[in-house]
Amino acid sequence: MKKPDGKVVLLGDMNVGKTSLLHRYMEKRFQETVSTVGGAFYLKQWGPYNISIWDTAGREQFHGLGSMYCRGAAAVILTYDVNSLQSLTELEERFLALTDSASADCIFAIVGNKVDLTDDCALPPDENRPEKSVASCGSKVRKQVRAEDAIALYKKILKYKMLDEKDVPAAEKMCFETSAKTGYKVDYLFETVFEMVVPIIVRQKAEGPPQTVDITDYKPAKRTKSGCCA
Ligand SMILES: Nc1nc2c(ncn2[C@@H]2O[C@H](COP(=O)(O)OP(=O)(O)OP(=O)(O)O)[C@@H](O)[C@H]2O)c(=O)[nH]1
Ligand SMILES: [Mg+2]
């Protein structure tokens, strides 16, 4: 198998459509999924680089694995369902801390999926939620999460990471709305992220492998009679 040069990780609550987005992008189709167990990855050739894209499980019981998947990640795609405000809240409360193990210059994208289920009439900013947000709008359901909510989360992430807005891509550029079902903006999402991770991959390669201890190199020290190590 080809060795990946860089890593992109999809995080988010169960059922938001992480696996479906990845299928849509890699296989160009939408098919029924089963809830992910642990994690899985695809390898994508992007120019001269191989990028691994990790699909993680949103289920609580696999939460502990999240920071392992994020280790050294060049980009994290935080995914929510535009029809569930809770799924956006969870990104901040449950998933953001998992990205502590990502690369220091990691790119963050926030993705609201399942826009095909909503009508195109977002709530006006002063409208109270949640009662009014479940009201229908045209033939479809009114979107429960507004683009501004995602942008606010992006800004909170910058604060959490102690990053200055002028040093990172603009919030409006990094908040996406997609539909894995219709394919709406799915290619655009992944390709925008890939473009942005290339400089990170170049830097990571120039710096060499991370300074971690390889336990396969470990040779136990000889013991002396007194029980101390020689
Ligand atoms: N209408 C619609 N349904 C979607 C979309 N994306 C995913 N779904 C459906 O939502 C459900 C969950 O999708 P998954 O892709 O399995 O969700 P997940 O985030 O991978 O969930 P976990 O693996 O449990 O973390 C499935 O029934 C999908 O068919 C979308 O864009 N539109
Ligand atoms: Mg899944």
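Both ligands and their constituent atoms are indexed starting at 1 by order of listing.
- For ligand 1, the polar-atom distance check finds no N/O of T178 at less than 3.5 Å from any of the ligand's N/O atoms.
- Taking the six-membered ring for Trp and the full ring otherwise, the centers of Y188 and F176 sit less than 6.0 Å from each other.
- The shortest N or O to N or O distance between T33 and ligand 1 is below 3.5 Å.
- Annotation: atom 24 (O) of ligand 1 to nearest protein heavy atom, S35 OG, 2.6 Å.
- In this structure, a donor-acceptor pair under 3.5 Å is absent between the side chains of D13 and S87.
- Residue M14 has at least one heavy-atom neighbour below 4.0 Å for each of these atoms of ligand 1: 21 (O), 22 (P), 24 (O), 25 (O).
- Residue N15 touches ligand 1 through backbone and side chain together, judged by heavy-atom distances below 4.0 Å.
- Polar contact with ligand 1: absent for R59 (N/O pair, distance under 3.5 Å).
- Of the charged side-chain nitrogens involved, none lies within less than 4.0 Å of a carboxylate oxygen, so that D100 and R71 do not count as a salt-bridged pair.
- Only the side chain of E32 comes within 4.0 Å of ligand 1, counting heavy atoms alone; its backbone N, CA, C and O stay farther away.
- Ranking the protein heavy atoms by distance from atom 28 (C) of ligand 1 puts S20 OG, 3.9 Å first.
- Using a 4.0 angstrom heavy-atom cutoff, D13 counts as in contact with ligand 1.
- Under a 4.0 Å heavy-atom criterion, G12 is not in contact with ligand 1.
- What sits closest to atom 6 (N) of ligand 1 on the protein, heavy atoms only, is N113 ND2, 3.1 Å.
- Between atom NZ of residue K205 and atom CD1 of residue I200 there is a gap of 14.5 Å, rounded to the nearest 0.5 Å.
- Considering CG of L153 and CG of L96, their distance stands at 7.5 Å, rounded to 0.5 Å.
- Only one option out of Y69, F41, F95 pairs with T56 in a side-chain contact (heavy atoms from CB on, under 4.5 Å); it is Y69.
- The protein non-hydrogen atom at the shortest distance from atom 17 (O) of ligand 1 is G17 N, 3.1 Å.
- In this model, no donor atom of one side chain and acceptor atom of the other lie less than 3.5 Å apart for R142 and T118.
- For E92, the salt bridge (Lys or Arg N to Asp or Glu O under 4.0 Å) partners at least two apart in sequence or on another chain are K156.
- Between K114 and D81, at least one side-chain N (NZ, or NE/NH1/NH2) sits under 4.0 Å from a carboxylate O, which counts as a salt bridge.
- Taken from CG in L91 to OG1 in T79, the straight-line distance is 7.5 Å, to the nearest 0.5 Å.
- Considering backbone and side-chain atoms together, A180 places an N or O closer than 3.5 Å to an N or O of ligand 1.
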Acceptor/donor pairs from residues 164-173 side chains to any protein atom, 3.5 angstrom cut, sequence neighbours excluded:
residue : atom : partner : partner atom : Å
D164    : OD1  : K166    : N            : 3.2
D164    : OD2  : K166    : NZ           : 3.1

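- Residues satisfying the side-chain hydrogen bond (donor to acceptor under 3.5 Å, both in side chains) test with K185, not counting sequence neighbours, are none.
- When heavy-atom distances to ligand 1 are checked against a 4.0 Å cut-off, T19 comes that close through both its backbone and its side chain.
- Closest heavy-atom approach to atom 10 (O) of ligand 1 among the candidates K114, R24, K18: K114.
- K159 NZ: 12 or fewer foreign heavy atoms inside a 6.0 Å radius.
- Near L117, the atoms of ligand 1 lying under 4.0 angstrom from a non-hydrogen atom of the residue are 1 (N).
- At least one heavy atom of F30 sits closer than 4.0 Å to an atom of ligand 1.
- For ligand 1, the polar-atom distance check finds no N/O of Q31 at less than 3.5 Å from any of the ligand's N/O atoms.
- Looking at T36 against ligand 1, both its backbone and its side chain come within 4.0 Å, counting heavy atoms.
- Of the N and O atoms on the side chains of S67 and S101, not one donor lies less than 3.5 Å from an acceptor on the other residue.
- Note on R24 versus D187: no salt bridge recorded, every NZ/NE/NH1/NH2 to OD/OE distance being 4.0 Å or above.
- For ligand 1 and D116, the ligand atoms under 4.0 Å from any heavy atom of the residue are 1 (N), 2 (C), 30 (C), 31 (O), 32 (N).
- For the side-chain contact (heavy atoms from CB on, under 4.5 Å) with S179, the lone residue among V115, L117, V186 that qualifies is V115.
- Protein atoms that are N, O or S and lie under 2.8 Å from the Mg ion (ligand 2) are these: T19 OG1, T36 OG1.
- On a distance-only criterion, A57 and ligand 1 share no N/O pair closer than 3.5 Å.
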